[in-house]
Amino acid sequence: MKAAITDFQHIFLREKSDAMVFRMLSKFAESHIDGYYRATETQDDVERKKLIDQAFNKFDRLANCLNHIFEQFAVNQLVTRNGFVPRQDDKITGEVYIPTLSILADPKWKSVSTDLALMFEDYREENYAEAITKAHRAVQRFLQVLVGEEGKSGKGEVGKLFQKAKEDGIIPVNRFTESLVNVIQGFITSERATNSTAKPTTKEATASDALLMMNVVMVFLQYCLQK
């Protein structure tokens, strides 16, 4: 334990790589999640939410503390139940990111949360094209879980999953929202084709490209989860 604390102090005070410091802080914060496994053992939604909140009790208090410190020192990151995410306008983080990531803390969405965490990590480490690839993968995984087809892949899979989710009434679609869902679907697919590492690209993805993609994905996930 003494050696671990010494390493922690050395990295925190002297490490030149921001990515390494954030990765260390992420593991430190993760160690404050206690008893999460119990939430995976129940099928009752109310009981599972109660167990999840209990598991994240210490973590949430630590996150509030770290976020206050980050804000005071203008650190451009925010601690959420899904790890570190880029700090943006308070309305975006407070009304979209934090509530959506809190819902995705449910074990049901573990694979989606993993993809999102990797997406945020790529963005933090300036791997913007890879962040866009992860964003597309998170949407695909989310839709697969929704329609009960997790693990499948293939050409055009996202489009087919969108259609199946709409046909099954899983995604709330009406005459006002259908156009919006279609636009989001088209945007996500287009960004994967032009800016991600999934295919050879003609231009380099920028921080703005990746951030827009991530925000669109988070808004879409929140919209679906409302139902």
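What's counted below: heavy atoms across the whole structure, side chains too, no hydrogens, waters or symmetry copies.
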Given Tyr223 and Phe220, is the ring-ring contact (aromatic ring centres under 6.0 Å, His included) satisfied, shown in steps?
-> CA-CA 5 Å; Tyr223 174 71; Phe220 171 72; 7.2 Å; no
Could you check Met1 against Ile5 for side-chain contact (heavy atoms from CB on, under 4.5 Å), going step by step and ending with a plain yes or no?
-> CA-CA 6 Å; Met1 179 63 73; Ile5 292 173; 4.1 Å; yes
Report the C-alpha distance between Leu116 and Leu221 in whole Å, list the side-chain angles of each, state the deciding distance to 0.1 Å, and finish with yes or no for side-chain contact (heavy atoms from CB on, under 4.5 Å).
-> CA-CA 11 Å; Leu116 290 175; Leu221 295 180; 4.0 Å; yes
Asp60 vs Arg81, side-chain contact (heavy atoms from CB on, under 4.5 Å): CA-CA, chis, key distance, verdict = CA-CA 8 Å; Asp60 288 342; Arg81 287 186 176 185; 2.7 Å; yes
Going through the checks in order, is the side-chain contact (heavy atoms from CB on, under 4.5 Å) test met by Thr133 and Glu130?
-> CA-CA 5 Å; Thr133 299; Glu130 191 59 38; 4.1 Å; yes
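Listed by first and then second residue, the salt bridge (Lys or Arg N to Asp or Glu O under 4.0 Å) pairs that reach into residues 65-80 come to none, sequence neighbours excluded.
Distance check: Asp106 CG to Leu51 CG gives 10.5 Å after rounding to the nearest 0.5 Å. Distance NE2/His32 to CG/Asp34: 10.5 Å, rounded to 0.5 Å. To the nearest 0.5 Å, atom CG of residue Asn127 and atom CG of residue Leu118 are 11.5 Å apart. Atoms NZ and CG, from Lys58 and Leu62 in turn, are 10.5 Å apart once rounded to the nearest 0.5 Å. Here CZ of Arg48 is found 7.0 Å from OG1 of Thr42. Values are rounded to the nearest 0.5 Å. Atom CD1 in Ile103 sits 12.5 Å away from atom CD1 in Ile98 (nearest 0.5 Å).
Between Phe56 and Ser102 the shortest side-chain heavy-atom distance does not fall below 4.5 Å. Annotation: side chain of Glu15 is in contact with side chain of Met20 (closest heavy-atom distance under 4.5 Å). The shortest side-chain heavy-atom distance between Lys160 and Lys164 does not fall under the 4.5 Å cut-off. For the pair Val139/Leu161, no side-chain contact is recorded, criterion being any heavy-atom separation below 4.5 Å from C-beta on. Phe142 places none of its side-chain heavy atoms less than 4.5 Å from the side chain of Val217. In this structure, Leu225 and Pro99 have side chains that are not in contact, with every pair of non-hydrogen atoms separated by 4.5 Å or more. When side chains are defined from C-beta on, Val85 does not count as touching Tyr123, because their heavy atoms never get closer than 4.5 Å.
Using a cutoff of 4.0 Å between basic side-chain nitrogens and carboxylate oxygens, Glu121 and Lys134 are not scored as salt-bridged. Between Lys27 and Glu30 a salt bridge is recorded (basic side-chain N to carboxylate O distance below 4.0 Å). The existence of a salt bridge linking Lys50 and Asp53 is excluded, since no basic side-chain nitrogen approaches an acidic carboxylate oxygen closer than 4.0 Å. Look at Asp18 and Arg124 and you find no salt bridge, because none of the NZ, NE, NH1 or NH2 atoms lies under 4.0 Å from a carboxylate O. The pair Glu125-Arg23 meets the salt-bridge criterion, since a charged nitrogen lies less than 4.0 angstrom from a carboxylate oxygen.
Closest of all the heavy-atom pairs between Leu143 and Ala165 is CD2-CB, 4.4 Å. Ile132 and Met213 make their closest contact through O-CE, 3.9 Å (heavy atoms, listed as atom of the first residue, atom of the second, distance). Scanning all heavy atoms of the two residues, the minimum distance from Pro86 to Met214 falls at CG-CE, 4.0 Å. Here the closest non-hydrogen pair linking Ala55 and Gly35 is CB-C, 3.9 Å. Across Val145 and Ser111, no two heavy atoms sit closer than the pair CG2-OG, 4.2 Å. Between Ala105 and Ser113, the closest heavy-atom pair is N-OG, 4.4 Å.
Side-chain N or O atoms of Asn67 include one that pairs as donor or acceptor with a backbone N or O of Val79 at under 3.5 Å. Between the side chain of Thr40 and the backbone N or O of Tyr36 there is no donor-acceptor pair closer than 3.5 Å. At distances below 3.5 Å, not a single donor-acceptor pair connects side-chain atoms of Thr100 with backbone N or O atoms of Tyr97.
At most 12 heavy atoms of other shown residues, nucleotides or ligands fall within 6.0 angstrom of atom CZ in Phe12. Heavy atoms from other residues, nucleotides or ligands lying under 6.0 Å from CD of Gln43 number 12 at most. Other residues, nucleotides and ligands place no more than 12 heavy atoms under 6.0 Å from the NZ atom of Lys49.
Taken together through direct or relayed side-chain contacts under 4.5 Å among Ile, Leu, Val, Met, Phe, Trp and Tyr, Leu78 and Val21 form parts of separate hydrophobic clusters. By the rule that hydrophobic residues join a cluster once side-chain heavy atoms approach within less than 4.5 Å of another member, Trp109 and Phe162 end up as members of one cluster. In the hydrophobic clustering of this structure, Val46 does not group with Leu104; members are Ile, Leu, Val, Met, Phe, Trp, Tyr whose side-chain heavy atoms approach within less than 4.5 Å, directly or through other members. Two different hydrophobic clusters hold Phe84 and Tyr128 under the rule that ILVMFWY side chains link at heavy-atom gaps under 4.5 Å. Connection of Leu101 to Phe70 is not established within any shared hydrophobic cluster, with ILVMFWY side chains joined at heavy-atom distances below 4.5 Å, either directly or through further cluster members.
Using a 3.5 Å distance cut-off with no hydrogens or angles, the side chains of Asn215 and Gln88 do pair a donor with an acceptor.
The aromatic ring centroids of Phe28 and Phe22 lie 6.0 Å or more from each other.
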